[in-house]
Amino acid sequence: MTEFPPRVDPHFDIEEYDPEADLMALNMGPQHPSTHGVMRIKLFLDGETIVKAVPYPGYLHRGVEKLCEKLTYVQITPIFDKHDYVAPMTNEQAINLAFEKLLGLEVPLRARVLRTILAELQRIASHLLWLGTFTLDIGGTIGGGASMMMYTFREREMILDLFEALTGCRFHYNTHCPGGNRHDVPEGWETVVKAVLDAIEPRFDEYEALCDNDIFLVRTEGIGVLPPDLALELGQTGPVLRASGVDHDLRRDAPYHAYDLVDVRVAVDDGCDSLARYKVRVAEMRESVRLVRLLLPMLPQGPIVGSKPIKSLIQFKAAAGQVYVGMETPRGELGTYLIGGGDQRGAAPYRCKIRPPSLHAMAALPYLLPGHFLSDVVTVLGSLDPIMGEVDR
Amino acid sequence: MNPIVHALVIGVPLLTFLMGGAALATWFERRFSGKMQTRWGPTVVGPAGLLQPVADALKMMQKEDIVPRAADRTLFNLAPLFPPFLVIASAAVIPFAATIDADGAVKATGVVADLDIGILWVMALAGLMVFPIWVAGWAANNKYTMLSGMRMVAQGISYEIPMVLCALVPVIFAGSLSLSDIVAYQAVHGWNALSLSPSAIVGAVAALLFFLASLAEANRIPFDIPEAESELIGGVMVEYTGIKFGIFMLAEYLHTIVASALTAVLFFGGPLGPGPAVLGLGWMLGKTLVLFVLIYWIRWSLYRFRSDQLMDLCWRILVPLSLVLVMLSALLVAGGFA
């Protein structure tokens, strides 16, 4: 059992700090190159050491949950693309899983397997972008970090090309609908996927070699230590939780899509620090490659949408009741809570609530930052991988 | 020769070389990093994008000159003037060519001012470099620039020590503070960092440390924490716009050229090399170029240290090691090995 530093009190009154110290309040963001979007962290610095950190989300709030109450189930899907704009595919799937549970729709096996493949490809793409931006935070936009980012983007482009071939869009796909997928697999897509995976997999070794240098290690090792008990208390999920040594993955523990057909090897690391979060994510990318390779031959023949055609879905009305569906996105558990409208609301849900994993990751910042240096803020923030579109919704 | 005429004859080409070199350095860096990162870099303006620096300079001159309302106007406007001045002035004592006397002795020439205290002059100017940066950081009245200025002072003061100590090694070997004498010494005894004599081991380690310390002095990755754009956005240059920002950048590129030239002179024989002495200028420029490329190679490969780790590296490793090197070189000279 490793020793963890004593827990920080995030509500600690700054007035009670040593009155001799010349504290400086520094607003990091909302316009700052390293806050991953528009986020503000108010830092109280003693020299360069952080005494207290208060994150202020909300600069990207668009009122999406309220908007959902006005739209039909089919119309909601493309909006969900824009939440976690680094992994739109999984976001779409999350809301459609909730619809399907609420409406009681059967998804054909072909669509389920395809969704699993898409989710895993999206995980690789998302983690690649994360790796690029994380090294950018450590290494600088004019320096080694930028070189790393260019390499990861090169591979990410390949995956986006796959999505483009399938859906016609590189980013906001709108390829899922309640009961199945809109776009069926084009001819020869599987061979292209295999070729892309073959090209990408050896590159992971290169990334690990690039990151296996002393400067990367001293910048990440022991930075932002999140003990498992605190991680659970704060509701962390996904790679952040698994890097704290908690073996929890919805793909294996509560299978959805076609995850029950394969066995998911969950990557867990006991390091609890930024380096562990890096290791977990790289291991997940490798695992995703393996899963896609396993699933591609399993893609059965058959329909891609359920019995009801999409047009009739627009008129879906009678769906009262409430559902919660959790799904393992690249960032963690994306929960969707829906209350169906019933007859009064027409085709719109009565209430939609999203549980974004990034918001919970950000909640760890006040615990992780105090005691570290100003330079570590970007390391810790980067390792938690928050996406502001998802945090603020 | 009249000293003024001498300074003009050598100084004007040197200045042209430095300024042109700095402009080309920006082009080179962008092309080089482009090649490293599977992209093109500038290609549009001029052949192979060679006119890109001109376009950049023109663009910067057209930008609105913004001075923050709360800034100290005088100091804010004054600060950008000094870094290029200090860097160019330190280049004045670097010999760029060599001649052979009637009696066969090699003599370094192509130097604007062959001061007896050449090294001291370079180090003094390098020490002064901290001030304009700190003044710029303070005068902008911005918390980020101030943090950056403080980091700069801490880093500049710390890394000066190993830098001076390592520069002392060739000084002890040659028994003179003049850069020309150091070159003349290397003509007889072989390059300080690359020869068959036992002193070359000490010289090579000193060259490495000197090169690292000059990377830190020039704010290059992995030691560019004062600029650290991930957390400090752009360091002291955050509030500067247009050509004032451009001058800071110019000084940074000049600094890398001068640091490479200085390392070449102190440890790698400067204008010395096989072939007739006429080739001296070519040798000097070639060695400078190799070291210069090395700086950019390092910059685009490595990540950045944290400020406290930087200080650790300096005070726990570089300073003790360079002290040992100085003592070893003194022992070598006393023992007659160098």
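All chains are named by letter (A, B, ...) in the order of the sequence lines, taking the proteins before the strands, and each is independently numbered beginning at 1. Excluded from the calculations below are hydrogen atoms, water molecules and symmetry mates; all remaining heavy atoms, backbone and side chain alike, are included.
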Checklist entry - If only atom types and distance count, is the side chain of A:Ser147 paired as donor or acceptor with the main-chain N or O of B:Ser301 below 3.5 Å? => result no

Next on the checklist: When you compare the side chain of A:Met24 with that of B:Leu147, does any pair of heavy atoms fall below 4.5 Å?
Outcome noted: yes

Item to check | Close side-chain approach of B:Arg306 and A:Ile223, heavy atoms under 4.5 Å | outcome: yes

Next on the checklist: With a 6.0 Å cut-off (strictly less than), is the heavy-atom count around CZ of B:Phe131, excluding the residue itself, greater than 12?
Outcome noted: no

Checklist entry - Could you state the interatomic distance from OG1 (B:Thr38) to OH (A:Tyr151), rounded to the nearest 0.5 Å? => result 6.5 Å

Checklist entry - With a 4.5 angstrom heavy-atom cut-off, which part of A:Asn27 approaches chain B: side chain, backbone, both or neither? => result backbone

Checklist entry - Quick one: CG on A:Leu374 to NZ on B:Lys143, what's the gap to the nearest 0.5 Å? => result 12.0 Å

Checklist entry - Is it the case that B:Arg151 and A:Ser375 place a side-chain donor and acceptor less than 3.5 Å from each other? => result yes

Item to check | Exceeds 12 heavy-atom contacts within 6.0 angstrom, atom CH2 of B:Trp40 | outcome: no

Checklist entry - Side chains of B:Arg304 and A:Ile138: does their closest heavy-atom pair fall under 4.5 Å? => result no

Item to check | Minimum-distance pair of heavy atoms, taken over all atoms of B:Tyr144 and A:His32 | outcome: OH-CD2, 3.6 Å

Next on the checklist: Show, in sequence, the C-alpha distance, side-chain angles and deciding distance for A:Arg219 and B:Phe305, and conclude whether the side chain to side chain contact (heavy atoms under 4.5 Å, CB included) test is met.
Outcome noted: CA-CA 7 Å; A:Arg219 284 298 305 273; B:Phe305 276 114; 5.7 Å; no

Checklist entry - Got more than 12 heavy atoms from elsewhere within 6.0 Å of CH2, B:Trp134? => result yes

Item to check | More than 12 heavy atoms from other groups under 6.0 Å of OH on A:Tyr85 | outcome: yes

Checklist outcome for this item: When the 4.5 angstrom heavy-atom criterion is applied to A:Leu381 and chain B, the contacting part is neither

Checklist entry - For residues 125-135 of chain A, which residue pairs qualify under salt bridge (charged side-chain N to carboxylate O under 4.0 Å, His left out), counting only residues two or more places apart or in two chains? => result none

Item to check | Side chain, backbone, both or neither of A:Val218 within contact of chain B (heavy atoms, under 4.5 Å) | outcome: both

Item to check | Nearest heavy-atom neighbours spanning A:Ala146 and B:Gln37 | outcome: C-NE2, 3.4 Å

Checklist entry - Would you say A:Asp198 has more than 12 foreign heavy atoms packed within less than 6.0 Å of its CG? => result yes

Next on the checklist: Given heavy-atom pairs under 4.5 angstrom as the criterion, report whether the side chain, backbone, both or neither of A:Thr135 touches chain B.
Outcome noted: both

